[in-house]
Amino acid sequence: MFAAATKISEGMVREAILVASVGRSGTTWLGNILSALDGYKMLNEPLRPEDPTEYKARYRHRPYVAEDETAPRLEEELEKAFTGQVARSHKWDFRSEGRLGMLLEHIWNRKVVVKSTRSLRLLPWIHCTFDLKGTVILIRHPCAVISSMLKSGGWGYDRLEQNGVSPFDQAVGEQAPASVAERLRSDIEGTTTNPEILAHMWALDYHVALNHHENTEGKFSHLVTYEHLLTEGQRCVRGLCAFLGVEPNEEVFQQLNRASRTASDQLSTEDTSRQLRKWKEHLDEDTVERVLSIVHSYDLDIYGPDPMPALQR
């Protein structure tokens, strides 16, 4: 029945909104906010393989494709995502709770918010391949992200150095611009801890995405920081809705005060100061210094030792 509902609810690529970020950055929260827009629903992680042991070349954990290259399989999968043609109910996040309500919501809401924590390195290629309504790049302090990753469990972030794969292959593999990866090979291979590997992963993702964002002068993407979404939510939402050319409704603003289902039990959207500083209680000073040193080596200066962004790109 869900497959039939999917088939008749096909949407259009030009109405699709992509929310791109690194995991543990508030992506589900922002996806829930945007999927409250009239006619929208949210698809979760179309680039996450169903079986992590079956990663394919150019279709692994963090794929990268150069702008002038073709990737037919990836293009087909993303076309299905952007038009809502993914007939696996567990990949969708509906506001309705009952099965009938979910089916009706799936049929009626044909526009798709695609939430992806694996697409940042693909953004230049995606924007050359698809004419989307827009992409929202969500960024959160790397120390906060890494702290959350290490505490979350279930994703394997706390066991990176135990699986026999080199730090370079963990952070890069063949899925980043070769010039960037090779320039940083010695530094990446010298990492010995999970936070260092995760810092390289975070920095590589945003190095590609933010350079593309700046080089295209924000034509295809809008940058939102988690910190400003938490502290100045209404202003941020109005700004990104203006970029997308849509009108926010009341439900959109109500979602600002609701934690996502993937958030930690300690998440607070009211005590913002505590929420923004939690990572300082979890990571020691040496780890923070090393993480920021790695991030800054990628020419990313948006964050420093303070929980708030140091500057706006």
Fill in: Any donor-acceptor N or O pair under 3.5 Å, side chains Thr27, Tyr226
no
Discussion item. Rounded to the nearest 0.5 Å, what separates atom CG in Leu43 from atom CD1 in Ile17?
Written reply: 13.0 Å
Worksheet item: Is there a donor-acceptor pair under 3.5 Å between the side chain of Trp125 and the backbone N or O of Glu69?
Response: yes
Fill in: Inter- and intrachain pairs under side-chain hydrogen bond (donor to acceptor under 3.5 Å, both in side chains), touching residues 1-19, at least two apart
Thr6-His106
Fill in: Approximate separation, where rounding is to 0.5 Å, of Ile294 CD1 and Trp202 CH2
12.0 Å
Item to complete: For Glu289, look at atom CD and say whether over 12 heavy atoms of other residues, nucleotides or ligands are found less than 6.0 Å away.
Response: no
Worksheet item: Do Met102 and Trp108 share a hydrophobic cluster (ILVMFWY, side-chain heavy atoms under 4.5 Å, transitive)?
Response: no
Discussion item. If the threshold is 4.0 Å, N to carboxylate O, is there a salt bridge linking Asp205 and Arg140?
Written reply: no
Worksheet, complete the sentence: dist Ile197:CD1 -> Met149:CE (nearest 0.5 Å) comes out at 12.0 Å
Worksheet item: Any ion pair linking Arg238 and Glu232 (charged N to carboxylate O, less than 4.0 Å)?
Response: no
Worksheet item: Quick one: are His222 and Leu244 in side-chain contact, heavy atoms under 4.5 Å?
Response: no
Worksheet item: Between Thr83 and Val112, is any pair of side-chain heavy atoms under 4.5 Å apart?
Response: no
Worksheet item: Sequence neighbours excluded, which residues qualify as side chain to side chain donor-acceptor pair (under 3.5 Å) partners of His296?
Response: none
Worksheet item: Looking at Leu103 and Ala5, what are the two nearest heavy atoms and their distance?
Response: CD2-CB, 4.0 Å
Throw together a table of side-chain donor-acceptor distances under 3.5 angstrom for residues 177-185, partners on residues two or more places apart or in other chains.
residue	atom	partner	partner atom	Å
Glu182	OE1	Arg185	NE	3.2
Glu182	OE2	Arg185	NH2	3.2

Discussion item. Minimum heavy-atom separation for Ile139 and Tyr206, please, with both atom names.
Written reply: CA-OH, 3.5 Å
Worksheet entry | Main-chain N/O of Pro305 paired with Lys280 side-chain donor or acceptor, under 3.5 Å | yes
Worksheet item: Do Leu34 and Leu240 have side-chain heavy atoms sitting under 4.5 Å apart?
Response: yes
Item to complete: Specify the closest pair of heavy atoms between Leu283 and Cys143, including all atoms of both residues, with the distance to one decimal.
Response: CD1-O, 3.4 Å
Worksheet item: Going through the checks in order, is the side chain to side chain contact (heavy atoms under 4.5 Å, CB included) test met by Gln255 and Ser35?
Response: CA-CA 10 Å; Gln255 286 290 341; Ser35 64; over 6 Å; no
Discussion item. Between Arg95 and Glu251, is the side chain to side chain contact (heavy atoms under 4.5 Å, CB included) condition met? List the steps.
Written reply: CA-CA 11 Å; Arg95 292 191 295 279; Glu251 178 65 15; 4.1 Å; yes
Fill in: Minimum-distance pair of heavy atoms, taken over all atoms of Trp92 and Lys41
CZ3-CG, 3.6 Å
Item to complete: Run the salt-bridge test on Lys115 and Glu45 with the 4.0 Å N-O cut-off and return the result as yes or no.
Response: yes
Response to the item:
Looking only at heavy atoms, the pair that brings Leu47 and Pro63 closest together is CD1-CG, 4.2 Å
Discussion item. Can a side-chain donor-acceptor contact be found between Thr135 and His127 if the only test is distance below 3.5 angstrom?
Written reply: yes
Worksheet item: Under 3.5 Å, is there a donor-acceptor pair between the Glu105 and Ser96 side chains?
Response: yes
Practice prompt. Kindly indicate, with the supporting measurements, whether the criterion side chain to side chain contact (heavy atoms under 4.5 Å, CB included) is fulfilled by Met42 and Thr28.
Written response: CA-CA 9 Å; Met42 185 169 76; Thr28 303; 4.1 Å; yes
Practice prompt. Would you kindly confirm whether Phe220 and Val246 end up in one hydrophobic cluster when ILVMFWY residues are joined by side chain heavy atoms under 4.5 Å apart?
Written response: no
Worksheet item: Given side chains that start at C-beta, do those of Leu256 and Gln234 come closer than 4.5 Å, heavy atoms only?
Response: yes
Discussion item. Glu77 vs Arg73, test: salt bridge (Lys or Arg N to Asp or Glu O under 4.0 Å). Steps then yes/no.
Written reply: CA-CA 6 Å; Glu77 291 299 316; Arg73 183 187 171 202; 5.1 Å; no
Worksheet item: Would Glu75 and Thr70 count as a side chain to side chain contact (heavy atoms under 4.5 Å, CB included) if you check the C-alpha gap in whole Å, the side-chain angles of each, and the deciding distance to 0.1 Å?
Response: CA-CA 8 Å; Glu75 184 174 348; Thr70 59; 5.9 Å; no
Worksheet item: Are Phe2 and Ile8 linked, directly or through other ILVMFWY residues, by side chains that come within less than 4.5 angstrom of each other?
Response: no
Discussion item. So for atom CG, which belongs to Asp131, do other residues, nucleotides or ligands contribute more than 12 heavy atoms lying within a distance under 6.0 Å?
Written reply: no
Practice prompt. Starting at CD1 of Ile146, measure out to NZ of Lys151 and round the result to the nearest 0.5 Å.
Written response: 13.0 Å
Worksheet item: Of Leu223, Leu120, Leu123, which is the lone residue that meets side-chain contact (heavy atoms from CB on, under 4.5 Å) with Leu210?
Response: Leu223
Worksheet item: In terms of the angle between their ring planes, are His141 and Tyr303 parallel, tilted or perpendicular, with boundaries placed at 30° and 60°?
Response: tilted
Practice prompt. Identify the two heavy atoms, one from Pro307 and one from Leu276, that lie closest to each other, and give their separation to 0.1 Å.
Written response: CB-O, 3.5 Å
Item to complete: Please examine the side chains of Val291 and Trp279, heavy atoms only from C-beta on, and report whether any two atoms are closer than 4.5 Å.
Response: no
Worksheet item: Hey, is the main chain of His228 close enough, under 3.5 Å, to the side chain of Arg235 for a donor-acceptor pair?
Response: no
Fill in: Heavy-atom side-chain proximity of Leu18 to Val136 below 4.5 angstrom
no
Discussion item. Just so I know, are the side chains of Lys278 and Ser148 near enough to count as touching, which here means a heavy-atom distance under 4.5 Å?
Written reply: no
Worksheet, complete the sentence: Paired with Ser25, the side-chain contact (heavy atoms from CB on, under 4.5 Å) test is passed by just one of Thr225, Thr117, Val19, Val145, namely Val145
Discussion item. Once rounded to the nearest 0.5 Å, what's the spacing between atom OG of Ser297 and atom CG of Leu292?
Written reply: 11.0 Å
Worksheet item: Taking a hydrophobic cluster as the set of Ile, Leu, Val, Met, Phe, Trp and Tyr residues connected by side-chain heavy atoms closer than 4.5 Å, whether directly or through intermediates, do Met308 and Leu138 fall within one such cluster?
Response: yes
Practice prompt. Decide yes or no for Thr193 and Thr287: does some side-chain heavy atom of the first lie under 4.5 Å from some side-chain heavy atom of the second?
Written response: no
Worksheet item: Between atom NE2 of His212 and atom CD1 of Ile126, what is the distance when rounded to the nearest 0.5 Å?
Response: 9.0 Å
